[in-house]
Undergrad: 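Pasting in a structure now, in structure tokens, and then I'll have a few things to ask.
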Protein chains: 2
Amino acid sequence: MQATNKTRRKRPGTSRRGKRATVQIHHLRSPCPIANLLDVAGDKWSLLVVRDLLRGRSTFNQLLESPEKIPTNLLADRLKRLEKAGILMRTPYQKRPVRYSYTLTQKGKELQHVLDVVVRWSKKHIAGVQTFTDLNL
Amino acid sequence: MQATNKTRRKRPGTSRRGKRATVQIHHLRSPCPIANLLDVAGDKWSLLVVRDLLRGRSTFNQLLESPEKIPTNLLADRLKRLEKAGILMRTPYQKRPVRYSYTLTQKGKELQHVLDVVVRWSKKHIAGVQTFTDLNL
DNA sequence: CCTCGTGACTTGCATTTTGCAAGTTATCCG
DNA sequence: CGGATAACTTGCAAAATGCAAGTCACGAGG
């Protein structure tokens, strides 16, 4: 019924110290290539962002408009993570008002092959799917 | 926060096997085939389970042994979800002591094509990856 | 009989991540 | 000046994750 042993865990709030500004070693769960992609894009949104960039979307608001309706805070977070992972780049395409555009790197563009196969699988095995017209994505 | 039945949660012997009597409408976020796979396997563990089943693992404990060390509660949950999604099947391969084995359906087996491309992408773009020997997974 | 071990899970609980709504900052437009 | 965009932040409740431990059958050994 109970683990009773409450074994001291960190007191939240009191220790103003562990802000994890430490080593940047981004620790891989395993040497498996599948686990490696999942470490960086293993969530419900990242690959949709990649899909939209492949489809030619490039600004924050364009990315928000897709039918899945990603929340703004998650989009901001995913863009940061994917940039850090070298999958996309963020560049100001104009200043005065500064506006940013997001574009895939070569590494990111090659995820197209992954998405292609995913599309083929889903079309075969899931009812009611349909692709965005032009790019087959 | 585990909203369901906060107070009494302690009838072990007679309880139903964690059934979640929810509506069966499995709500898709969008008609996009990519979103559809993500709805069912868009997390850090599901595809690793599929990988291991493709590699011939089949029991609960075998699946626990992979290098990524999935927690037992998550493995139980993922097996349930993947079964519900028609990607794998759970069958007792012996009774007296009843033991279960998990195997991929045809739908699940065809995820191999997705994983193949993921492996190719990761080997090209992520340092330090290496595949499990025999099956290229 | 009693204990130990194994397989397949469940349960408790703290930490993290999500998702919604609203707020913010800067800049243009009329 | 009063909006309207663009690109984000922030607050916070709810859900998911992850660890450790507990449970429920058997089955073998003493």
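Each chain gets a letter, A, B and so on, in the order its sequence line appears, and its residues count up from 1.
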Undergrad: Strictly below 4.0 Å: does B/Lys44 bring a side-chain N or O up to OP1 or OP2 of C/dT16?
TA: no
Undergrad: Is the distance from OP1 or OP2 of D/dC8 to the nearest side-chain N or O of A/Tyr102 less than 4.0 Å?
TA: yes
Undergrad: Closest nucleotide of DNA chain C for A/Asp43 versus for A/Gln94: which of these residues is on the 5' side?
TA: A/Asp43
Undergrad: Take atom CZ of B/Arg81 and atom P of D/dA15, then tell me their distance rounded to the nearest Å.
TA: 14 Å
Undergrad: Between atom CD in B/Glu68 and atom C1' in D/dT17, what is the gap in whole Å?
TA: 16 Å
Undergrad: Rounded to whole angstrom units, what separation is found between the CG atom of B/Asp77 and the P atom of D/dC19?
TA: 16 Å
Undergrad: Using the side chain to side chain donor-acceptor pair (under 3.5 Å) rule, take B/Glu65 and B/Asn61 through it: C-alpha gap first, then chi angles, then the decisive distance, then the call.
TA: CA-CA 7 Å; B/Glu65 279 161 23; B/Asn61 278 338; over 6 Å; no
Undergrad: Report the nucleotide, chosen from C/dC20, D/dA21, D/dT9, that has the shortest atom-to-atom distance to any side-chain atom of A/Thr72.
TA: D/dT9
Undergrad: With heavy atoms under 4.0 Å as the rule, sort B/Lys95 into base, sugar-phosphate or nothing.
TA: nothing
Undergrad: Tell me which of B/Pro97 and A/Leu79 sits closer to the 5' end of DNA chain D, going by the nucleotide each one is nearest to.
TA: A/Leu79
Undergrad: Round to a whole Å and report the spacing from CG of A/Leu64 to C1' of C/dG19.
TA: 13 Å
Undergrad: Any chance you could lay out the side chain to side chain donor-acceptor pair (under 3.5 Å) test for A/Asn36 and B/Ser122, step after step, and finish with the verdict?
TA: CA-CA 7 Å; A/Asn36 279 275; B/Ser122 277; 5.8 Å; no
Undergrad: To the nearest angstrom, how far is B/Leu74 atom CG from C/dT10 atom P?
TA: 12 Å
Undergrad: OP1 or OP2 of C/dT18 sitting under 4.0 Å from any side-chain N/O of A/Arg78?
TA: yes
Undergrad: Can you pull out every salt bridge (Lys or Arg N to Asp or Glu O under 4.0 Å) where at least one residue sits in residues 35-48 of chain A? Sequence neighbours excluded, please.
TA: A/Arg29-A/Asp39, A/Asp43-A/Arg78
Undergrad: Checking contacts here: which listed nucleotide (D/dA6, C/dG19, D/dA16) is nearest the side-chain heavy atoms of A/Asn61?
TA: D/dA6
Undergrad: Given atom CG of A/Asn73 and atom C1' of D/dA13, what is their separation to the nearest angstrom?
TA: 13 Å
Undergrad: Evaluate A/Glu83 against A/Met89 for side chain to side chain contact (heavy atoms under 4.5 Å, CB included), listing each step before the verdict.
TA: CA-CA 6 Å; A/Glu83 186 185 11; A/Met89 291 153 54; 5.7 Å; no
Undergrad: Pick base, sugar-phosphate or nothing for A/Phe60, based on heavy-atom distances below 4.0 Å to the nucleic acid.
TA: base
Undergrad: Would you say A/Lys69 places a side-chain N or O within less than 4.0 Å of OP1 or OP2 belonging to C/dA21?
TA: no
Undergrad: In whole angstrom, what separates A/Trp45's CH2 from C/dC20's C1'?
TA: 12 Å
Undergrad: Given C/dC28, C/dT6, D/dA6, identify the nucleotide with an atom nearest to the side chain of B/Arg99.
TA: C/dT6
Undergrad: Rounded to whole angstrom units, what separation is found between the CG atom of B/Leu75 and the C1' atom of C/dT11?
TA: 16 Å
Undergrad: Is it true that atom NZ of B/Lys69 has more than 12 heavy atoms of other residues, nucleotides or ligands lying nearer than 6.0 Å?
TA: yes
